[in-house]
Amino acid sequence: MLGILKYFAKPVILLLLSTLSLSCSDDKNSPDTQIHSFFESTRLAVERRAHDDIANLIHPDYRDHNGLNKKQLVQLLRGYFFRHRHIYLVNQIRSIEWQDNTHAFVVLYVAMAGKKIETLDTLQGLGARIIRLECQLIKDRHWRLLQAKWRDASISEMLQD
């Protein structure tokens, strides 16, 4: 089990560390802005290494395509923080699809590096890892991660319009 968790650590961490620009909407309460805020809150919680805050952003019924549940994901994060002192992210949302008012499907690309990512042009020089993420979010009291699926991607995929 530990071997499986180590293999999937970076993609799961990338999902939880994702940050998004809040420039998509002038309405601070619009559904799209709420989704962007979810990812911004996640990024900030990870930068502070706030395990409890991160756990609150994950739905109790969380499952991913590898069968990890919420408890396993939070344990994985703690181990990842122990092994990696610095984590820097850049991301690009590809789409947000609304299934209804409480369910959203988000596709995004995330780049992660151990050094600050100044611009997208510096990704290759930093040896950043790029992941394509498909996230199912659900809103109860607030937005939470319900499901996740990921795969490795290339910098060129991330930079496509």
Side-chain angles (χ1 to χ4, degrees), residues 4-25 31-51 53-59 62-66 68 70 72-98 103-138 142-161:
I4 291 172
L5 292 178
K6 285 182 182 179
Y7 178 77
F8 294 111
K10 285 187 181 181
V12 173
I13 298 302
L14 285 172
L15 171 66
L16 294 173
L17 301 175
S18 301
T19 180
L20 302 172
S21 166
L22 296 176
S23 63
C24 291
S25 172
D32 282 4
T33 300
Q34 290 175 22
I35 297 297
H36 287 265
S37 294
F38 166 83
F39 285 103
E40 179 65 11
S41 296
T42 302
R43 182 189 66 81
L44 293 172
V46 171
E47 286 181 354
R48 293 188 323 268
R49 298 182 188 289
H51 303 109
D53 291 348
I54 294 167
N56 287 332
L57 295 169
I58 305 167
H59 194 273
Y62 172 84
R63 286 279 179 201
D64 61 32
H65 69 290
N66 295 301
L68 295 178
K70 178 180 178 173
Q72 292 167 321
L73 182 60
V74 172
Q75 288 173 339
L76 183 70
L77 284 167
R78 288 180 182 185
Y80 194 79
F81 290 156
F82 182 75
R83 290 186 309 275
H84 299 277
R85 186 172 184 172
H86 300 287
I87 303 167
Y88 298 94
L89 301 176
V90 141
N91 77 321
Q92 183 141 30
I93 287 186
R94 210 34 69 93
S95 65
I96 300 174
E97 294 179 25
W98 294 96
H103 293 83
F105 181 77
V106 181
V107 176
L108 66 152
Y109 286 84
V110 180
M112 182 175 75
K115 294 182 180 180
K116 189 169 183 173
I117 303 169
E118 299 291 338
T119 67
L120 292 178
D121 295 335
T122 63
L123 289 177
Q124 193 161 10
L126 293 173
R129 182 172 183 192
I130 312 296
I131 302 292
R132 181 182 190 273
L133 299 157
E134 298 176 5
C135 311
Q136 179 73 41
L137 302 180
I138 187 170
H142 57 284
W143 288 102
R144 296 191 213 201
L145 178 64
L146 181 61
Q147 295 179 343
K149 183 178 178 181
W150 58 84
R151 67 169 173 80
D152 287 322
S154 67
I155 292 172
S156 62
E157 280 181 84
M158 183 177 184
L159 299 178
Q160 286 179 347
D161 288 331

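As a basis for the values below, the full set of heavy atoms in this structure was taken, side chains included, without hydrogen atoms, waters or symmetry mates.
- Qualifying ring-ring contact (aromatic ring centres under 6.0 Å, His included) partners for H51, counting only residues two or more places apart in sequence or in other chains: F81.
- Atom CD in Q147 sits 10.5 Å away from atom CZ in R63 (nearest 0.5 Å).
- How far CD1 of I87 is from NZ of K116: 15.5 Å, rounded to the nearest 0.5 Å.
- Between A45 and I54 the shortest heavy-atom distance is CB-CG1, 3.7 Å.
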Taking it one step at a time, do L133 and V107 satisfy side chain to side chain contact (heavy atoms under 4.5 Å, CB included)? CA-CA 6 Å; L133 299 157; V107 176; over 6 Å; no
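- Salt-bridge formation is not detected for the pair K149/D64: no Lys NZ or Arg NE/NH1/NH2 atom is positioned less than 4.0 Å from an Asp or Glu carboxylate oxygen.
- Among the candidates Y80, F82, Y88, the single residue satisfying the ring-ring contact (aromatic ring centres under 6.0 Å, His included) test with H84 is Y80.
- Ion pairing between E157 and R151 holds under the 4.0 Å rule for side-chain N and carboxylate O.
- W150 and E134 share no donor-acceptor pair across their side chains, judged by distance under 3.5 Å alone.
- Interatomic distance, CG of L68 versus CG of L73, reported as 6.5 Å (0.5 Å rounding).
- Taking each heavy atom of N56 and H142 in turn, the nearest pair found is O-NE2, 3.2 Å.
- Side-chain contact between L145 and F39 is absent, with no heavy-atom pair separated by less than 4.5 Å.
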Might you work through the side chain to side chain contact (heavy atoms under 4.5 Å, CB included) test for R144 and L57, ending with a clear yes or no? CA-CA 5 Å; R144 296 191 213 201; L57 295 169; 5.8 Å; no
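- Looking at V74 and I58, their side chains come closer than 4.5 Å, going by heavy atoms from C-beta outward.
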Worked verdict on V110 versus R132 for side chain to side chain contact (heavy atoms under 4.5 Å, CB included): CA-CA 7 Å; V110 180; R132 181 182 190 273; over 6 Å; no
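- Side-chain contact between W143 and S37 is absent, with no heavy-atom pair separated by less than 4.5 Å.
- Here the straight-line distance linking atom CD1 of I96 with atom CD of Q34 works out to 10.5 Å at 0.5 Å rounding.
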Quick one, Y109 with L159, criterion side chain to side chain contact (heavy atoms under 4.5 Å, CB included). Give me CA distance, side-chain angles, the key distance, then yes/no. CA-CA 9 Å; Y109 286 84; L159 299 178; over 6 Å; no
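- Inter-residue side-chain proximity for L146 and H59 is flagged as met; some heavy-atom pair is nearer than 4.5 Å.
- No donor-acceptor distance shorter than 3.5 angstrom exists from the side chain of R129 to the backbone of D152, with no hydrogens or angles considered.
- A heavy-atom distance below 4.5 Å is found between the side chains of H103 and Q136.
- Counting only heavy atoms from C-beta outward, the side chains of F105 and C135 never approach each other to under 4.5 Å.
- Taking the side-chain contact (heavy atoms from CB on, under 4.5 Å) definition, one finds that S156 meets it with S154, sequence neighbours left out.
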